[in-house]
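Below, chain A is the first sequence line, B the second, and so on; all start at residue 1.
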Amino acid sequence: MSYEPKTIETKWQKRWAERRVAEIDVSRPGEKYYMLNMFPYPSGDLHVGHGRNYILGDALFRYLRMRGLSVLNPMGWDAFGLPAENAAIKRGIHPREWTVANIARMKRQFDAWGILYDWSKELASCDSGYYRWNQWLFVRMFERGLAYRAKSPVNWCPSCQTVLANEQVREGRCERCAHEVEQKELEQWFLRITEFADRLDAGLDQLTEWPEQVRLQQRNWIGRSVGADVQFAIPKLGKSITVFTTRPDTIYGATFMVLAPEHPGVAALIADHPDRAAIEAWITHVRNQTNLERQAETAGKEGRFTGSYAVNPFTNEEIPIWLGNFVLPQYGTGAIMSVPAHDQRDFEFAKQFGLPLRVVVAPADGAAPVESELEQAWGDKEASVSVNSGSITGLSTPRAIEAIATEIESRGIGRRTVRYRLRDWLISRQRYWGTPIPIVYCEACGLVPVPDDQLPVQLPLDVPFTGREGNPLAKAKSFVETSCPKCGAAARRETDTMDTFVDSSWYFARFVTPRNETAIFDSAVVNRWLPVDQYIGGVEHAILHLLYARFITRVLHDLGLVTFEEPFRRLFNQGMITKEGYRDPSKNMSWVPLGEVEHRDGIPYRATTGALLVAEVAKMSKSQFNVVPPDELIERFGADTERVYTLFIAPPQDEAAWDDQAIIGQHRFLNRVWNYGERIVAMAAGAASDGEAETKLQRRRHQTIAGVTSRIERFNFNTAISSMMEYSNAIGDYLSQGGSSRETAISCFETLLQLLHPFAPHLTEEWWEKLGHETMLVASSWPVADPELAKEDFVTIVVQVNGKLRGEFEVEAGAAEAAVIEAAKSNAKVVPYLEGKTIVKTIHVPGRLVNLVVK
RNA sequence: GCCCCGGUGGCGAAACUGGCAGACGCACGGGACUUAAAAUCCCGAGUUCGCAAGGACGUGAGGGUUCGAGUCCCUCCCGGGGCACCA
């Protein structure tokens with residue numbers, strides 16, 4: 001019988017499901033291992049690029065299981081979100097229906113790939129049994145002041161018709177739809193993540209098994225900076241304004257002050273300005289700028305003089321107070337002391353408005369820069385010292401910072417401070433398909449959280465989806481109109497829903513006890529199974545999801561629900577799968593459907609218009625027509641082939657371009673494995689064993705076990721597959737070059753089946769059964785290498801003369817050094833290079849090489 | 001601008017601690033089987049000089065350390081990602 005993947009694949013998928021091989025009882029004792037693929041948004045269609053993430057996870061799952069661990073590998077659905085609502089508007093299907101149908105589709109696709117999940121733990125964030133606990137958690141946070149409502153300028157996406165968190169804005173644009181984000185002053189719900197900034201930053205140090213890149217991104221996003229708050233007196237007002245600086249040592253060089261136009265003190269400062277109206281008009285103009293405009297580097301700096309002065313507390317000089325659009329109201333105190341000689345932004349502002357510079361820092365071993373000659377701010381890459389700075393003159397920069405901070409504190413005009421770039425997390429969304437925020441507005445009682453026994457606040461199903469004008473929830477009278485839980489008076493429900501990132505910030509804990517109806521989860525069980533031992537997902541969540549999850553985990557910790565603060569011990573980010581797509585330069589570089597692309601002499605043209613096209617490698621996406629659906633591949637080659645190819649294509653953390661042609665190589669490989677099986681079972685039993693060929697194959701077997709195991713441990717799936725191919729080739733050589741022991745052939749083949757099982761599970765199960773095993777391969781024990789049998793008897797020693805390769809010879813492993821060197825010197829290929837020379841140095845690396853240095 | 005990560009055959013890549021560069025594949029060339037094709041199997045192949053034996057060159061560029069560098073150090077070029085007036 002030849003290899004027919006279709007038949008055997010459905011057979012085994014069915015059997016794994018029936019026997020519930022991936023289900024685990026969380027109360028079962030044993031060494032636990034919690035592995036988790038980030039739960040997906042159920043968009044419906046999976047392509048081979050998505051497959052990378054899940055296939056990798058499944059290979060790991062099968063391997064760990066065979067290693068004998070109790071592996072929890074659940075799957076669920078990040079099921080709230082905009083696409084479902086947009087589908088409702090476009091096609092009149094209710095978001096719930098659309099979501100449920102997509103979930104069913106995706107489950108079928110997982111099955112077709114042969115992926116095993118513990119479906120008894122399945123959860124969907126759009127089920128009220130799940131989002132109820134979202135609401136419960138929100139109320140806990142509200143009670144502790146960690147969830148609060150505030151009016152502030154927020155990011156508004158006019159296309160999505162909702163506000164966005166800071167993290168969801170990329171380069172001034174909406175992360176989802178790329179529409180430019182506007183600033184709006186709105187009252188919204190926030191979670192106080194900034195209160196955890198310090199802990200979130202410090203915790204990064206422990207995450208040694210996370211990709212360095214992700215830790216760095218989080219660190220930058222949190223943006224911890226150490227400095228000092230300093231008060232500058234405003235004699236005219238009899239008050240002072242506080243600035244934040246990371247360089248208090250440069251305070252003697254602070255020649256002016258700049259406030260954000262939004263700074264609360266501005267009105268008083270410009271009250272008696274002769275041209276007040278003009279300044280106010282300018283302030284309005286700055287406020288109306290989008291973040292994109294305001295922060296664009298090309299825009300240059302804008303500023304206005306307030307007409308007022310502050311006193312520099314160290315020089316006692318009066319310095320002018322300016323307003324500048326480059327000073328951000330949300331960071332620090334919204335006010336800065338400007339040191340134009342040593343800060344590039346201040347330098348540019350000073351040059352633009354003719355403000356004075358004063359050099360107060362100089363190289364430790366050189367002349368101080370001269371103010372009039374400066375072309376840019378002078379910074380301290382290397383050692384520098386304070387100059388022209390009163391009591392700190394002559395101190396090195398770090399010591400000067402300390403000294404001045406101490407003086408500021410002792411004089412009572414400020415203190416050391418740590419500031420963060422991180423802002424509170426805006427979670428209100430003006431959309432329907434999300435968790436309702438469980439708050440009631442009462443005339444008398446104000447903001448009243450919905451009591452626990454009234455949760456969940458159910459999302460009403462009978463809501464009109466008309467598109468555009470605002471949140472459909474606000475139009476559902478039966479939902480909005482309610483009574484105050486405190487006083488019973490008529491009241492109004494909050495109609496904002498939560499950012500879906502709230503849902504995904506704790507789902508990994510819910511997975512352990514997903515049906516718990518009395519608590520968010522069972523703490524005892526969660527504390528045994530968490531943190532997640534291995535988390536797998538894309539880098540696009542480096543900041544958003546992973547930061548929020550770390551934050552919420554700390555909240556759960558402080559609520560006494562969990563004993564840990566970091567939810568994910570190890571993190572792995574798989575790389576993207578890309579594919580060539582085609583763009584039409586004559587049509588504004590729009591993407592061309594594959595059916596319209598025609599190749600002539602390897603050059604792509606548009607079949608309909610004859611236009612020359614440009615090929616571009618990009619992330620798979622329907623809108624770019626470069627998606628490869630797995631269906632045809634599975635039909636033609638089988639899921640095992642797709643799985644092996646996906647893992648072989650490149651190191652899993654690297655980006656990889658899908659090659660429709662190269663997949664044939666993996667199909668050939670599996671086909672060969674199948675044929676070796678056929679040849680082995682056809683062998684005559686009981687033939688005499690044949691010493692050398694057998695020893696050689698056995699040695700190969702044990703080397704391969706060791707190699708594949710360590711490569712899987714290091715996630716080097718591509719090279720693990722290479723070494724299985726080599727091993728498979730060795731079995732082929734044994735069969736075709738006179739190997740005659742059926743017993744040897746079978747046991748070596750069985751080892752191949754076991755090693756290959758995580759990658760090609762169907763084919764290997766089929767052969768395991770064909771060879772007479774009654775229990776499943778997935779339940780077998782991972783083979784263990786015998787180092788004695790893996791040892792080589794002979795090693796190849798290469799001989800170099802002056803570092804150049806000149807010869808090689810075989811020698812018994814562990815041969816004496818003197819003998820090896822002697823053999824090297826007398827090697828026929830080497831001798832000519834030694835003639836007439838003297839050997840001045842001999843290097844011997846045992847088992848590898850001899851290098852003879854001659855003169 | 002700052003911070004990260006990369007750059008190895010025609011292509012995907014390998015080389016784990018400084019020790020035979022290019023394993024394993026794709027594509028390609030030659031051969032076997034076949035009426036033929038597909039499938040399968042075998043052989044070849046970094047570039048270059050040479051009939052060959054063999055030699056020279058070769059991991060983005062240049063320099064350095066070392067008996068020996070894809071691997072370590074310095075400078076630069078190119079590609080990708082992140083942050084971007086954060087005081």
Suppose you measure atom [atom1] in [N] against the same atom in [M]; what distance do you get, rounded to whole Å?
N: B:rG54; M: B:rC4; atom1: C1'; result: 47 Å
N: B:rC74; M: B:rG81; atom1: C1'; result: 25 Å
N: B:rG64; M: B:rG55; atom1: C1'; result: 29 Å
N: B:rA14; M: B:rU8; atom1: C1'; result: 10 Å
N: B:rC28; M: B:rC77; atom1: C1'; result: 33 Å
N: B:rA15; M: B:rA32; atom1: P; result: 38 Å
N: B:rG60; M: B:rG6; atom1: P; result: 13 Å
N: B:rU47; M: B:rU34; atom1: P; result: 34 Å

Between [X] and [Y], is any side-chain donor less than 3.5 angstrom from a side-chain acceptor?
X: A:Y331; Y: A:S225; result: yes
X: A:E302; Y: A:Q352; result: no
X: A:T242; Y: A:D229; result: no

Is there a Watson-Crick or G-U wobble partner for [N] with both distances under 3.5 Å, and if so, which one is it?
N: B:rC57; result: B:rG46
N: B:rG70; result: none
N: B:rU40; result: B:rA32
N: B:rG10; result: B:rC26
N: B:rC16; result: none
N: B:rC2; result: B:rG82

Closest approach to the side chain of [X], judged atom by atom: which nucleotide of [options] is it?
X: A:R421; options: B:rA87, B:rC83, B:rC24; result: B:rC83
X: A:F326; options: B:rC83, B:rC85, B:rG54; result: B:rC85
X: A:T719; options: B:rC16, B:rC85, B:rA14; result: B:rA14

Could you state the atom-to-atom distance from [atom1] of [X] to [atom2] of [N] in whole Å?
X: A:L805; N: B:rG58; atom1: CG; atom2: C1'; result: 14 Å
X: A:R219; N: B:rC3; atom1: CZ; atom2: P; result: 16 Å
X: A:M576; N: B:rG81; atom1: CE; atom2: P; result: 8 Å
X: A:R714; N: B:rA15; atom1: CZ; atom2: C1'; result: 12 Å
X: A:D654; N: B:rC5; atom1: CG; atom2: C1'; result: 10 Å
X: A:Y420; N: B:rC83; atom1: OH; atom2: P; result: 21 Å
X: A:Q330; N: B:rA84; atom1: CD; atom2: P; result: 12 Å
X: A:R679; N: B:rU40; atom1: CZ; atom2: P; result: 15 Å

Heavy-atom side-chain proximity of [X] to [Y] below 4.5 angstrom:
X: A:S338; Y: A:D343; result: no
X: A:V799; Y: A:L852; result: yes
X: A:V853; Y: A:T842; result: no

Shorter than 3.5 Å, N or O on both sides, protein versus nucleotides 64-67 of chain B: list them out with atom names.
from   : atom 1 : to     : atom 2 : distance (Å)
B:rC67 : OP1    : A:K841 : NZ     : 3.3
B:rC67 : O2'    : A:N851 : ND2    : 3.4
B:rC67 : O2     : A:N851 : ND2    : 2.4

Which is true for [X] with a 4.0 Å heavy-atom rule: it touches a base, it touches only sugar-phosphate, or it touches nothing?
X: A:Y833; result: sugar-phosphate
X: A:R806; result: sugar-phosphate
X: A:N716; result: nothing
X: A:N718; result: sugar-phosphate
X: A:F648; result: base

If the threshold is 4.0 Å, N to carboxylate O, is there a salt bridge linking [X] and [Y]?
X: A:D201; Y: A:R215; answer: no
X: A:E262; Y: A:R287; answer: no
X: A:D733; Y: A:K696; answer: no

**Prompt:** Between A:Q213 and A:Y676, which is nearer to the 5' end of RNA chain B once each is assigned its nearest nucleotide?
**Reply:**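 Checking each residue's closest nucleotide, the 5'-ward one belongs to A:Q213.
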**Message:** Please compare A:S225 and A:R848 by the position of their nearest nucleotide in RNA chain B and report the one closer to 5'.
**Reply:** A:R848
**Message:** I need the residues from residues 657-672 of chain A with at least one non-hydrogen atom less than 4.0 Å from RNA chain B; give them sorted by number, or say none.
**Reply:**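 Contacts with RNA chain B under 4.0 Å: A:Q661, A:A662, A:I664, A:G665, A:Q666, A:R668, A:R672.
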**Prompt:** So, is A:N729 close to the B:rG25 phosphate, meaning a side-chain N or O under 4.0 Å from OP1 or OP2?
**Reply:**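 It does, given that an N or O in the side chain of A:N729 lies less than 4.0 Å from OP1 or OP2 of B:rG25.
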Is the cationic atom of [X] (NZ for Lys, CZ for Arg) positioned less than 6.0 Å from the six-membered ring centroid of [Y] and within 45 degrees of its normal?
X: A:R304; Y: A:W322; value: no
X: A:R806; Y: A:Y833; value: yes
X: A:R419; Y: A:F244; value: yes

**Item:** Syn-anti status, with the boundary at 90° from 0, for the nucleotide B:rG62
**Value:**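 That one's anti.
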